[in-house]
K.L.:
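Please find one structure pasted underneath; my questions will follow.
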Amino acid sequence: MRKLENYVPTKFMLPTSHYDKEKADKAVFFIENLCHTKGMWAGKKFELIDWQEKIVRDIFGTVKENGYRQFNTAYIEISKKNGKSELSAAIALYLLCADDEQRAEVYGAAGDRQQASIVFDVAADMVRMSPYLSPFIKILSATKRLIFENSNSFYQVLSAEVATKHGYNVSGMIMDEVHVQPNRKLYDVLTKGSGDARMQPLYFLITTAGDDVNSICYELHQKAKDILEGRKVDHTFYPVIYGAEMDDDWSDEKVWAKANPSLGITFDIEKVRTAYEQARQNPAEENIFRQLRLNQWVKQSVRWMPMEHWDKCETNIDFESLVGRECYGGLDLSSTTDITAFVLIFPPRNESEKYIIYPHFWIPEETVTLRTMKDHVPYDVWVKQGLINVTEGNVVHYAYIEKYIEELGKKYNIKEIAFDRWGATQMVQNLDGMGFTVIPFGQGFKDMTPPCKELYKLVLETKIAHNGHKVLRWMMDNIAAKTDAAGNVKFDKEKSSEKIDGAVALVMALDRCTRNMNKGGSVYDTRGILYI
């Protein structure tokens, strides 16, 4: 048997575990006696690429003292066209036929039945092309089911509907393109307790990076990164991520190779060069290239805020130490059932200080559960974590927010509050009655352009300080911007992927802050608008 050159067992092995070469060889031997099913490789033996063989050896060869597999979950994140479907199908067949599991139940899952059928169809073709398997495996194409009669085992495709998915005794699960899962329900049903009756269930999760940072896939992505970088330990979880870092040069072919371990084997670099050139000439396609070719997590097609720079502005902030400090506020009321955002900005007092951001959010208490389910956004978690405040009832309780702002005004020296003119008349009158100076702020290019460009500049220069507030970060990452022929810019709520209320409140507060820093004038009056 061909051996992986310089193979080293995984560093995530338990001290009490060991590498069982015989078990690893068995899995590799089984897979390499299957055939590829598509394109120029169709009919040829499935010779594992080094990165694929390492995964197979690590998963099936790393065993505990009792001889059973150490890893129950394998999370593999990799760019398109690197052979995900073929590897997934081969592992599904191994779990079905060669894992020494009586009455094995192997499931293929994805965002929908059609997606899950991709791996099934490859597996079925592998069976048809194998003289060793075809006599013993019955293919039921209509129901997407393979039956291995020798051990009364089956491989069955499932869709994302979860109403009838409870009660399975899962020995193996292949979840393809985890990033398209609409929520975490199917994942939970198939992994939480479903394999308790099995000695070594395997949940094989394989995906390309997605665009929803509030998804189960991003949760798994973060867990994998934390384990890879030593921040977390889970000896049952096997993490693999082939992708470019956000600050990598996306035009560098060495970066392409890092994200595509099958480059030059399953597909030619000219394909990537063509895709890159299209993305370079059309900024709308850049994030598509980054996601599919470089395996980077991205947001909407044209993302305004570079989040890698925003994250660099995160720091520990003691807001109690700011008591009495001068600051400026931005208030975005949105609608009565939506998120209300109030953001304070504390201006720097000298060249060494930064603009400090202090965000606050509210939603109606009775809408939390419904909004969480409908929007697939963890409002309920954020409420429990104290990141979002709730007001009584099913609409935003403005009187509560007014009182909250009044209390903030007793702690901090709030010089001015900018507000969106739309729908804010009564609250503005009430805040004015409390002694606050309230300033109307338009949402068009004229008013939005200067603070939007100023915020962008300050973030790039790391002159903003925030405490990593998850809700505000989510909103900053949601922003889509609209520009005109003159280079003016404003946020586009309609095209933004999710809520951006906190970002709107932030730029309004920044506008009042910068206009008052230069002896009551505008910073834009003295140096003009910066163009980016």
Side-chain angles (χ1 to χ4, degrees), residues 26-48 52 55-56 59-60 74 76 83-162 164-165 167-178 180 186 189-190 194-195 198 200-207 266:
K26 177 185 175 184
V28 171
F29 179 81
F30 177 91
I31 293 173
E32 293 197 330
N33 273 280
L34 299 172
C35 290
H36 286 285
T37 63
K38 296 179 181 178
M40 61 180 290
W41 298 92
K44 297 181 180 179
K45 289 293 185 181
F46 190 167
E47 183 174 336
L48 290 164
Q52 295 174 325
I55 289 172
V56 172
I59 292 174
F60 293 100
I76 316 298
K84 295 200 299 352
S85 297
E86 302 276 326
L87 180 62
S88 299
I91 287 178
L93 290 175
Y94 182 83
L95 294 172
L96 174 67
C97 307
D99 205 30
D100 300 325
E101 186 78 27
Q102 287 297 311
R103 297 185 179 275
E105 296 183 23
V106 183
Y107 295 97
D112 54 45
R113 188 177 177 84
Q114 182 178 1
Q115 179 68 47
S117 296
I118 293 175
V119 174
F120 172 86
D121 290 341
V122 173
D125 284 342
M126 285 179 169
V127 170
R128 295 186 183 100
M129 299 169 72
S130 171
Y132 308 106
L133 297 182
S134 55
F136 305 104
I137 296 180
K138 183 182 296 184
I139 302 173
L140 304 179
S141 298
T143 56
K144 301 298 180 182
R145 189 179 183 95
L146 301 180
I147 301 175
F148 182 54
E149 297 177 335
N150 287 21
S151 61
N152 293 311
S153 301
F154 64 81
Y155 169 44
Q156 177 68 57
V157 168
L158 299 176
S159 60
E161 291 75 26
V162 300
T164 60
K165 303 290 191 297
Y168 290 123
N169 186 2
V170 180
S171 59
M173 185 262 282
I174 310 295
M175 183 171 281
D176 187 29
E177 298 297 9
V178 188
V180 301
L186 182 61
V189 165
L190 293 176
S194 63
R198 306 287 185 173
Q200 52 177 9
L202 178 63
Y203 311 114
F204 189 79
L205 318 171
I206 194 160
T207 187
T266 62

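On a predicted model such as this, the values are computed, not experimentally measured, just so you know.
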K.L.:
Determine the minimum heavy-atom distance between Ala116 and Gly108, stating which atoms define it.
P.N.:
CB-O, 3.8 Å
K.L.:
Can you tell me if Ser151 uses its side chain to pair, donor with acceptor, with the backbone of Gln102 under 3.5 Å?
P.N.:
no
K.L.:
Restricting to non-hydrogen atoms, name the atom on Ala92 and the atom on Val106 that form the minimum distance, rounded to 0.1 Å.
P.N.:
O-CG1, 4.2 Å
K.L.:
Measure centre to centre between the rings of Tyr203 and Tyr107, then say whether the value is under 6.0 Å.
P.N.:
no
K.L.:
Test: salt bridge (Lys or Arg N to Asp or Glu O under 4.0 Å). Region: residues 139-148. Which pairs qualify, not counting sequence neighbours?
P.N.:
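As it turns out, the salt bridge (Lys or Arg N to Asp or Glu O under 4.0 Å) pairs with a partner in residues 139-148, which skip direct neighbours, are Asp121-Lys144.
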K.L.:
Considering all heavy atoms of both residues, which atom of Met126 and which atom of Cys35 are nearest to each other, and what is their separation?
P.N.:
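What the structure gives for the nearest pair is CG-O, 3.5 Å.
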K.L.:
Taking atom CD1 of Ile118 and atom CG of Asp176, what is their separation to the nearest 0.5 Å?
P.N.:
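Reported to 0.5 Å precision, the distance equals 6.5 Å.
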K.L.:
For Glu101 and Ser153, what are the C-alpha separation, side-chain angles and deciding distance, and is it a side-chain hydrogen bond (donor to acceptor under 3.5 Å, both in side chains)?
P.N.:
CA-CA 8 Å; Glu101 186 78 27; Ser153 301; over 6 Å; no
K.L.:
Please report the interatomic distance CG(Asp125) to NZ(Lys38), rounded to the nearest 0.5 Å.
P.N.:
8.5 Å
K.L.:
Report yes if some heavy atom in the side chain of Pro201 is under 4.5 Å from a heavy atom in the side chain of Val170; otherwise report no.
P.N.:
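No, too far: nothing below the 4.5 Å cut-off.
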K.L.:
Return the CG to OH distance between Leu95 and Tyr155, rounded to the nearest 0.5 Å.
P.N.:
10.0 Å
K.L.:
Would you call the rings of Phe148 and Phe136 parallel, tilted or perpendicular, where under 30° means parallel and over 60° means perpendicular?
P.N.:
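Judged by the thresholds at 30° and 60°, the geometry between Phe148 and Phe136 is perpendicular.
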K.L.:
Considering residues at least two apart in sequence or located in another chain, which fulfil the ring pair (Phe, Tyr, Trp, His ring centres under 6.0 Å) criterion with Tyr94?
P.N.:
Phe30, Phe60
K.L.:
Would you check if the side chain of Glu177 reaches a backbone N or O of Thr207 as a donor-acceptor pair within less than 3.5 Å?
P.N.:
no
K.L.:
Salt bridge or not between Lys26 and Asp100? Use side-chain N to carboxylate O under 4.0 Å.
P.N.:
yes
K.L.:
Identify which one of Ile174, Asp99, Ile59 satisfies the side chain to side chain contact (heavy atoms under 4.5 Å, CB included) criterion when paired with Leu202.
P.N.:
Ile59
